[in-house]
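What follows is a single structure, written as structure tokens, with notes after it.
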Amino acid sequence: MKNLKNKKILIVICGGIAAYKSLETIRILKRYGSEIKTILTTSAKEFITPLSVTSLSGGKVYEDLFSVENEYEMDHIALSRWADLILVEPITANTILKLAKGSSEDLASTVILASNKPVFLVPAMNVRMWEHPSTKENLKILKSYSYKIIGPEIGEMACGEYGEGKMTEPLDIIKRVNDYLSSIDKNRKLKALVTAGPTNEYIDPVRFITNKSSGKQGYEIAKSLSRNGYQTTLISGPTSLKINEEINLIKVETAEQMFQETQKNLPVDVAIFSAAVSDFKVTKKSDVKIKKRDQLNIKLEKNVDILNYVSNHNSMRPKLVIGFAAETNNLEDNAIKKLKSKNCDMIIANDVSKHNIGFDADLNEVTIFYKDNKKEKLFAKNKSLISDEIIERVNNQLN
Ligand code: CTP
């Protein structure tokens with residue numbers, strides 16, 4: 001488990017009977033060379049003592065949000081920045097609720113809320129609590145925030161009941177963390193390019209042809225690629241969306257500019273074309289504002305198909321080329337046609353005939369068509385979660 005060496009891991013221990021197992025996690029992580037700091041919630045201290053945690057971790061245990069000593073040495077924001085990764089083990093139903101609400105009422109929830117690092121949650125609780133619809137709803141929210149959930153397992157619990165709710169064993173948790181770090185480390189060497197948003201095709205200096213694309217799905221894909229370690233460039237048409245600074249954002253307006261920027265940023269290992277590029281541009285844009293008149297004929301000509309250009313490039317075709325297909329009818333037939341005609345490895349097709357899903361919406365539901373004729377449906381989820389699932393498939397194809 002060589003990826004754990006020198007990694008800074010912040011372990012948040014919540015109050016549950018499984019809290020004692022976090023001592024084993026700390027012991028194993030130390031053996032593999034990780035640097036550990038810990039946060040103990042107030043109720044965790046009912047199960048294990050700060051002294052036992054410090055003795056094993058060799059690092060400080062943080063307990064209170066506004067402790068003068070802690071804030072002087074390392075404030076709660078610095079603590080979340082210090083970590084390469086946060087592991088919440090065990091996480092109780094109560095802390096799951098706090099994170100789902102975005103609460104910052106204690107040190108643990110504040111540090112997690114303020115974190116820009118991967119967060120792993122390891123639930124442990126009674127089977128009824130785990131199966132309760134409110135816990136399930138809260139977990140759905142946490143997944144949509146890209147928290148990674150490990151377990152729980154089925155087995156006999158401390159309370160004597162049997163079922164799902166038992167905490168995953170420390171060694172298995174650590175293997176999952178190591179696998180994740182290993183895939184991120186591999187991805188850091190890889191470059192990704194994403195196109196997103198609409199394009200504006202000018203008729204005159206103040207009027208243009210555009211479409212309803214919000215760019216949300218493409219931005220979420222870029223964020224997910226970056227979270228997964230890829231060096232990510234996002235070439236975006238006009239949107240008001242914001243993106244993290246680790247992502248190389250290139251803003252463009254027209255399809256022509258998007259094409260030029262794409263060419264400049266090749267070669268890459270994976271290219272994902274989510275932009276709703278206008279198929280046509282105005283043949284001769286007027287240099288002055290066109291005056292009102294009885295009739296106006298605008299001559300249009302085809303834009304370059306950027307996806308097609310990249311996927312058929314002789315020397316710089318990325319290992320993985322992924323296109324999007326927005327369809328209102330015959331989704332499967334049209335998507336497969338596009339997959340073949342555009343020489344893609346994957347086509348992500350969405351049905352844009354439904355209201356509130358797909359185009360200009362927060363939710364999406366897609367079917368992925370693969371080159372080897374397989375297909376896979378990702379059911380309705382917010383665009384961030386759909387992106388994580390798409391990038392999981394990208395990781396599998398590239399590694
Ligand atoms: N695309 C592109 N450059 C273009 C046009 C499209 O890169 N000039 C990409 C889109 O980003 C998307 C895919 O191609 O990944 C969409 O294919 P396309 O055939 O353009 O879809 P539609 O515009 O929906 O086509 P049609 O009207 O034929 O359905």
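Remember, it's 1-based here, ligands and their atoms both numbered in the order they're listed. For the single chain, residues carry numbers from 1 onward in sequence order.
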> Going by an N to O cut-off under 4.0 Å, is there a salt bridge joining Asp269 and Lys189?
Replying inline: no
> salt bridge (Lys or Arg N to Asp or Glu O under 4.0 Å) with Lys140: which residues, sequence neighbours excluded?
Replying inline: Glu137
> Salt bridge check: are Lys289 and Asp204 linked by an N-O gap of less than 4.0 Å?
Replying inline: no
> Would you call Lys143-Asp388 a salt bridge at under 4.0 Å N-O?
Replying inline: no
Contact table ligand 1 N or O to protein N or O, d under 3.5 Å:
{"unit_1": "ligand 1", "atom_1": "3 (N)", "unit_2": "Ile306", "atom_2": "N", "d": "3.0"}
{"unit_1": "ligand 1", "atom_1": "7 (O)", "unit_2": "Leu307", "atom_2": "N", "d": "2.9"}
{"unit_1": "ligand 1", "atom_1": "8 (N)", "unit_2": "Val304", "atom_2": "O", "d": "2.8"}
{"unit_1": "ligand 1", "atom_1": "11 (O)", "unit_2": "Phe273", "atom_2": "O", "d": "3.3"}
{"unit_1": "ligand 1", "atom_1": "11 (O)", "unit_2": "Ala275", "atom_2": "O", "d": "2.6"}
{"unit_1": "ligand 1", "atom_1": "14 (O)", "unit_2": "Lys342", "atom_2": "NZ", "d": "3.0"}
{"unit_1": "ligand 1", "atom_1": "15 (O)", "unit_2": "Phe273", "atom_2": "O", "d": "2.6"}
{"unit_1": "ligand 1", "atom_1": "15 (O)", "unit_2": "Phe324", "atom_2": "N", "d": "2.8"}
{"unit_1": "ligand 1", "atom_1": "15 (O)", "unit_2": "Phe324", "atom_2": "O", "d": "3.4"}
{"unit_1": "ligand 1", "atom_1": "17 (O)", "unit_2": "Lys342", "atom_2": "NZ", "d": "3.0"}
{"unit_1": "ligand 1", "atom_1": "19 (O)", "unit_2": "Lys342", "atom_2": "NZ", "d": "3.3"}
{"unit_1": "ligand 1", "atom_1": "21 (O)", "unit_2": "Lys338", "atom_2": "NZ", "d": "3.0"}
{"unit_1": "ligand 1", "atom_1": "23 (O)", "unit_2": "Asp279", "atom_2": "OD2", "d": "3.4"}
{"unit_1": "ligand 1", "atom_1": "24 (O)", "unit_2": "Lys338", "atom_2": "NZ", "d": "3.4"}
{"unit_1": "ligand 1", "atom_1": "29 (O)", "unit_2": "Lys338", "atom_2": "NZ", "d": "3.0"}

> Can you find a heavy atom in the side chain of Lys166 that is under 4.5 Å from one in the side chain of Glu156?
Replying inline: no
> Between Thr25 and Ser22, does a side-chain hydrogen bond (donor to acceptor under 3.5 Å, both in side chains) hold up when you go through it step by step?
Replying inline: CA-CA 5 Å; Thr25 305; Ser22 60; over 6 Å; no
